[in-house]
Undergrad: 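Okay, here's the structure, questions in a sec.
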Amino acid sequence: MNSHSAAALHEHTIARLSAGLAAGEFSSEELTRALLARIEQFNPALNAFITVTAESALAQARAADQRRQRGGAGPLTGVPIAHKDIFCTDGVRTSCGSRMLDRFIAPYDATVVEKLNAAGAVMLGKTNMDEFAMGSSNETSFYGPVPNPWDPEAVPGGSSGGSAAAVAARLTPGATGTDTGGSIRQPAALCGITGIKPTYGRVSRWGMIAYASSLDQGGPMARTAEDCALLLGAMAGFDPRDSTSVDRPVPDYAATLDQPLKGLKVGLPEEYFGEGLDGAVARVVESAIAEYRRLGAETVEISLPNSPLAIPAYYVIAPAECSSNLARFDGVRYGHRCENPKNLLDLYARSRGEGFGAEVKRRILVGTFALSAGYYDAYYLKAQQIRRLISDDFRRAFQQVDVIMGPTSPTVAFNLGEKADDPITMYLSDIYTIAVNLAGLPGLSLPAGFVGQRPVGLQLIGDYFAEDRLLNVAHRYQQVTDWHQRAPAAFA
Amino acid sequence: MMEWETVIGLEIHAQLATKTKIFSGASTAYGAEPNSQACAIDLGLPGVLPVLNREVARMAAMFGLAIDAEIAHRSVFARKNYFYPDLPKGYQISQYELPIVRKGQLRIDLEDGSSKTVGVTRAHLEEDAGKSLHEDFHGLSGIDLNRAGTPLLEIVSEPDLRSAKEAVAYMKKLHQLVVYLGICDGNMQEGSFRCDANVSVRPKGEPKFGTRAEIKNLNSFRFVERAIEFEIERQIDLIEAGGRVVQETRLYDPDRGETRSMRGKEEANDYRYFPDPDLLPLVLDDEFIAAARASLPELPEVKKRRFVEHYGLSAYDAAVLTTSRALGDYYEAVVAALGGEPKLCANWVMGDLSAFLNKEGQDIAESPVSAAQLAGLLRRIQDRTISGKIAKDVFEALWAGEGDADAIIAQRGLKQITDTSAIEQVIDDVIAANPAQLAQYRAGKDKLFGFFVGQVMKLSKGKANPQQVNDLLAEKLKG
């Protein structure tokens with residue numbers, strides 16, 4: 001195994017692993033075994049994986065090694081990754097973090113899974129998440145909470161908390177996530193990794209269990225922007241099975257990573273630096289912005305005046321859509337069914353009552369109310385109007401600037417249990433990320449420093465389909481900083 | 001005694017004749033094993049997404065154009081949310097605020113010969129639900145999702161209809177139209193064309209509508225008429241007895257011939273419609289609509305007029321021959337093959353052919369006698385090879401598949417006798433064999449002429465040319 005010890009393989013980024021596999025420094029099987037061993041060692045405490053697919057992972061790894069020998073390996077061939085348990089995986093439990101689907105074996109692959117399989121990636125398993133992606137701390141999962149690898153007292157963020165923790169703890173070099181209101185970016189920030197939510201329509205939603213269809217978007221989570229570029233390149237693209245998928249060529253994201261930032265116009269929205277932002281987080285974000293100035297970027301103060309309306313609008317639209325999306329979980333065809341139902345109503349009421357957790361029920365109730373006759377105009381329609389105002393804010397801003405920068409989350413990771421009983425405070429954790437989903441724009445979070453031992457994320461927001469620009473801007477920063485290279489002590 | 005006026009509006013569900021479902025690639029064929037035609041999308045599995053079958057938009061646009069309606073350049077699919085075991089997603093994808101077709105009209109002909117224009121408020125696209133099966137499961141229910149996702153066009157009329165008869169005339173006209181357009185197979189037994197009727201009554205002259213009851217799922221013209229008639233009477237009796245009609249959904253029981261309340265649950269339903277975020281608005285450009293217009297077949301009204309003007313048919317004959325596109329096509333094929341004689345062709349298509357089809361319960365498309373074969377037969381009537389009477393026997397043989405008319409005529413020796421001397425010979429034989437009748441005839445009993453004709457035809461096995469028999473017989477009997 002040349003100069004590499006098996007123990008060191010987990011330290012590598014996807015780009016480095018890809019090069020090592022190509023150079024024959026190690027095989028995918030060796031790499032996969034090493035990571036499966038780490039998962040076995042750490043997952044019992046970390047709880048980042050709901051399901052580990054060791055056997056099929058090794059089979060995929062061996063197939064990848066053979067493919068490499070035949071020629072025809074791509075950059076992800078043989079690279080292990082994990083899938084958020086919201087993506088359907090053929091023949092493998094797909095729980096969505098819920099008791100409702102605890103025994104649901106998906107009969108088909110999500111497009112994202114299919115594409116990464118085709119690229120030769122190796123699936124290590126399915127990661128923990130807030131139930132049906134509803135949550136910002138991973139605490140609503142039926143499978144229990146996930147401690148933050150940087151501090152076991154803290155949450156990893158959510159809803160893609162398992163994916164973020166698994167990447168931060170070096171159990172996998174990359175993972176998929178989904179982001180409806182910040183569910184990739186916020187856990188990436190809280191776990192000190194890089195994650196990108198692409199433009200709505202860039203990544204197919206086929207096989208991705210819907211929470212709020214008009215906001216949901218899948219994306220990659222990894223340690224570096226370069227790794228995210230490699231993963232996104234494989235995940236993105238038009239899918240005729242998803243009517244909201246956009247038919248537009250996928251650029252080679254890795255090819256433009258190194259473009260210089262001289263003259264880059266960076267917008268700093270005043271609304272993202274005001275009340276509610278933790279002072280220490282603000283200082284970390286400001287020093288990251290200062291670093292960008294040194295890289296040649298110009299910063300401009302901008303305003304996104306409708307920002308304060310984002311959370312209220314989101315908490316009408318997302319619950320409204322979820323109340324309808326989750327109606328299919330009725331105990332009739334699949335999923336949890338109560339014991340001995342007395343009649344149809346009892347079957348529905350108990351199957352759903354037992355299958356769903358409190359946060360999911362709360363959102364279904366809120367959404368059902370918001371869509372009810374007599375309230376629709378006042379809530380749902382109004383929220384859609386706000387959504388347009390928010391998009392207009394961004395549209396105006398992007399006439400002036402190339403990217404928008406600010407904090408990903410107003411605080412560093414909070415403590416487990418701290419906000420679990422206070423949904424409103426919990427919702428505020430996504431105050432800077434939600435507007436991006438409402439507008440359908442791409443957003444990226446990258447590690448920018450620490451407050452104490454807890455990581456801080458810097459958020460980059462781009463214009464529609466400017467993923468290449470966001471990855472480039474993040475990558476350049478990662479060339480001159482080492483926040484993304486730091487590993488939590490317990491998982492180094 | 002108060003005079004009452006009935007107000008009826010119909011909602012008709014026409015199943016669109018696509019090969020695959022409205023949002024999935026599963027087949028729409030009828031009668032398959034339960035759940036054998038339901039894919040992941042139809043089952044509403046987690047993570048699946050609908051993709052519109054564009055064919056339904058073309059069909060809906062054709063319908064809209066045929067009723068002079070507005071075709072929406074932008075229409076929106078919405079979710080109608082409710083729980084039911086045969087509704088896999090917990091919502092039905094339909095169109096709500098922005099339907100694909102709006103503001104059309106249909107002219108109907110009434111029994112008294114007058115006609116009336118009925119407004120069509122809207123027609124929208126939606127998916128059908130599955131079927132709940134309550135038999136054969138020992139106290140449980142079975143669900144068959146083959147029908148789930150089948151495309152429907154729901155056609156909503158204005159409350160313009162004033163009697164059960166008008167309602168049936170409208171429904172029949174609509175049925176004829178969708179089948180003409182080739183967008184619906186019109187099969188009512190299989191549920192491809194079914195109707196909900198909104199019925200209310202009000203004192204004549206009263207401008208405000210009465211409270212309506214909705215009668216669900218009427219799947220035959222007869223049931224529509226009976227259900228509405230029963231419902232009108234029920235409402236009038238109720239009001240005259242001092243009661244009030246409640247807004248509710250009712251079910252027609254064909255065995256008892258009455259409508260029954262399905263409980264007043266309807267008012268409690270809140271479907272929480274909202275635009276389906278999984279589907280983009282359906283945008284149809286002018287080019288698409290122009291293409292739909294270009295693909296419209298000749299519509300029944302136009303065809304009827306043409307049959308009157310071009311073939312010189314009566315309005316009645318033209319109406320009968322244009323009831324279906326296939327029948328009209330068949331008729332025209334017969335005329336074309338024969339090269340004329342449109343009236344003779346009409347008589348045969350509407351007469352013997354239709355009688356045989358009706359007897360066998362077959363559709364014109366299934367006719368064992370082709371248009372060319374029928375024309376072949378008519379040609380032999382035209383050139384007097386056979387008489388009209390013999391032709392009926394030949395037609396029967398054609399129906400039985402015994403070959404073409406000429407072959408049947410030759411094989412059975414049915415060729416008409418037109419040789420005067422041959423006919424005279426037969427006449428002489430008949431006269432010789434019936435001296436008593438001859439005497440009576442000559443004594444003034446004219447009625448016996450028919451007897452002699454009959455005897456001559458009988459002896460000639462029907463082959464003697466009837467006109468010649470008449471002429472020659474009259475001559476000979478004079479003595």
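From a predicted model like this one, the values you see are computed outputs, not experimental measurements. Note that these values count all heavy atoms, side chains included, but never hydrogens, waters or copies made by symmetry. Residue numbers begin at 1 in each chain, while the letters A, B, ... track the order of the sequences.
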Undergrad: Can you say whether A:A370 sits under 4.5 Å from chain B via the side chain, the backbone, both, or neither, judging by heavy atoms?
TA: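 When you check distances to chain B, no heavy atom of A:A370 falls under 4.5 Å.
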Undergrad: List the atom of A:W206, the atom of B:L49, and the distance in Å for their closest heavy-atom pair.
TA: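 Shortest heavy-atom separation between A:W206 and B:L49 comes out as CZ3-N, 3.2 Å.
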Undergrad: State whether the number of non-hydrogen atoms from other residues, nucleotides or ligands found under 6.0 Å of B:E70 atom CD is greater than 12.
TA: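 Counting other residues, nucleotides and ligands, CD of B:E70 exceeds 12 neighbours.
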Undergrad: Would you mind telling me which of B:G25, B:S24, B:G90, B:G44 has the largest number of heavy-atom pairs within less than 4.5 Å of chain A?
TA: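 That would be B:G44.
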Undergrad: Among A:D242, A:D330, A:L215, which residue forms the greatest number of heavy-atom pairs with chain B at distances under 4.5 Å?
TA: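 Answer, by heavy-atom pair count under 4.5 Å with chain B: A:D242.
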Undergrad: Is it the side chain or the backbone of A:A110 that comes within 4.5 Å of chain B heavy atoms, both, or neither?
TA: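 For A:A110, no heavy atom lies under 4.5 Å from chain B.
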Undergrad: Given that the side chain runs from C-beta out, which part of A:T368 has a heavy atom under 4.5 Å from chain B: side chain, backbone, both or neither?
TA: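 Both parts, heavy atoms under 4.5 Å.
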Undergrad: State, with a plain yes or no, whether a side-chain heavy atom of B:V48 is found less than 4.5 Å away from one of A:Y108.
TA: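 Sidechains of A:Y108 and B:V48: in contact.
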Undergrad: Side chain from CB out, backbone as N, CA, C, O: work out which of these in B:F83 comes under 4.5 Å of a heavy atom of chain A, or both, or neither.
TA: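 For B:F83, heavy atoms of backbone and side chain both lie under 4.5 Å from chain A.
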Undergrad: Quick one: are A:Y348 and B:P85 in side-chain contact, heavy atoms under 4.5 Å?
TA: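 A side-chain contact under 4.5 Å exists here.
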Undergrad: Out of A:Y334, A:F104, A:Y376, return the one with the most heavy atom pairs under 4.5 angstrom to chain B.
TA: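 Maximum pair count with chain B is reached by A:Y334.
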Undergrad: Name the region of B:Y273, side chain, backbone, both or neither, that has any atom closer than 4.5 Å to a heavy atom of chain A.
TA: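 Only the backbone of B:Y273 comes within 4.5 Å of chain A.
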Undergrad: Does NZ in A:K361 sit with more than 12 non-hydrogen atoms of other residues, nucleotides or ligands closer than 6.0 Å?
TA: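 Counting other residues, nucleotides and ligands, NZ of A:K361 exceeds 12 neighbours.
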Undergrad: Can you name the nearest heavy-atom pair linking A:E321 to B:R79, along with the distance?
TA: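 What the structure gives for the nearest pair is O-NH1, 4.1 Å.
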Undergrad: Quick check: does any side chain N or O of A:R333 sit under 3.5 Å from a backbone N or O of B:L43, one acting as donor and the other as acceptor?
TA: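 Answer holds: yes.
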Undergrad: Take B:K89 and A:S324, measure what side-chain contact (heavy atoms from CB on, under 4.5 Å) needs, and give me the verdict at the end.
TA: CA-CA 8 Å; B:K89 299 186 294 295; A:S324 175; over 6 Å; no
Undergrad: Ring pair (Phe, Tyr, Trp, His ring centres under 6.0 Å), that's the test. Do B:F274 and A:Y380 meet it? Break it down for me.
TA: CA-CA 9 Å; B:F274 75 107; A:Y380 188 79; 5.6 Å; yes
Undergrad: Quick one: what part of A:Y375 sits under 4.5 Å from any heavy atom of chain B, side chain, backbone, both or neither?
TA: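 Neither part, no heavy atoms under 4.5 Å.
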Undergrad: Between A:L326, A:I209, A:I86, which residue shows the highest count of heavy-atom pairs closer than 4.5 Å to chain B?
TA: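 Between A:L326, A:I209, A:I86, the count favours A:I209.
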Undergrad: At a 4.5 Å cut-off on heavy atoms, which part of A:F329 comes close to chain B: side chain, backbone, both, or neither?
TA: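 The side chain, not the backbone.
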Undergrad: Answer with side chain, backbone, both or neither: which region of A:Y211 has an atom nearer than 4.5 Å to a non-hydrogen atom of chain B?
TA: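 Contact with chain B: none, neither part.
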Undergrad: Between A:S243 (side chain) and B:P50 (backbone), is there a donor-acceptor pair under 3.5 Å?
TA: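 A pair under 3.5 Å: yes.
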Undergrad: Looking at every non-hydrogen atom in both residues, tell me the closest pair between A:Y200 and B:P277 and how far apart they are.
TA: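 In this case the closest contact between A:Y200 and B:P277 is OH-O, 4.1 Å.
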Undergrad: If you define the side chain from C-beta out and look only at heavy atoms, does anything of B:P275 sit under 4.5 Å from A:Q384?
TA: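 B:P275 does not reach A:Q384 side chain to side chain.
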Undergrad: Under a 4.5 Å heavy-atom cut-off, does chain B meet the side chain of A:L344, its backbone, both or neither?
TA: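 The side chain, not the backbone.
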Undergrad: Please find the pair of heavy atoms, one from A:T244 and one from B:D278, that lie closest to each other, and give the distance.
TA: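 Smallest heavy-atom distance, with atoms named: CG2-O, 3.9 Å.
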Undergrad: Could you tell me which of A:C88, A:S372, A:G374 has the largest number of non-hydrogen atom pairs under 4.5 Å with chain B?
TA: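 That would be A:S372.
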Undergrad: Do other residues, nucleotides or ligands put more than 12 heavy atoms under 6.0 Å from the CZ atom of B:R212?
TA: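 No - once you tally the heavy atoms of other residues, nucleotides and ligands closer than 6.0 Å, there are 12 at most.
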Undergrad: Which atoms of B:N81 are under 4.5 Å from chain A, going by heavy atoms: the side chain, the backbone, both sets, or neither?
TA: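 Side chain only.
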Undergrad: Can you say whether A:P107 sits under 4.5 Å from chain B via the side chain, the backbone, both, or neither, judging by heavy atoms?
TA: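 For A:P107, the side chain is the part near chain B, not the backbone.
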Undergrad: side-chain contact (heavy atoms from CB on, under 4.5 Å), that's the test. Do A:R328 and B:L45 meet it? Break it down for me.
TA: CA-CA 8 Å; A:R328 69 189 59 195; B:L45 286 187; 6.0 Å; no
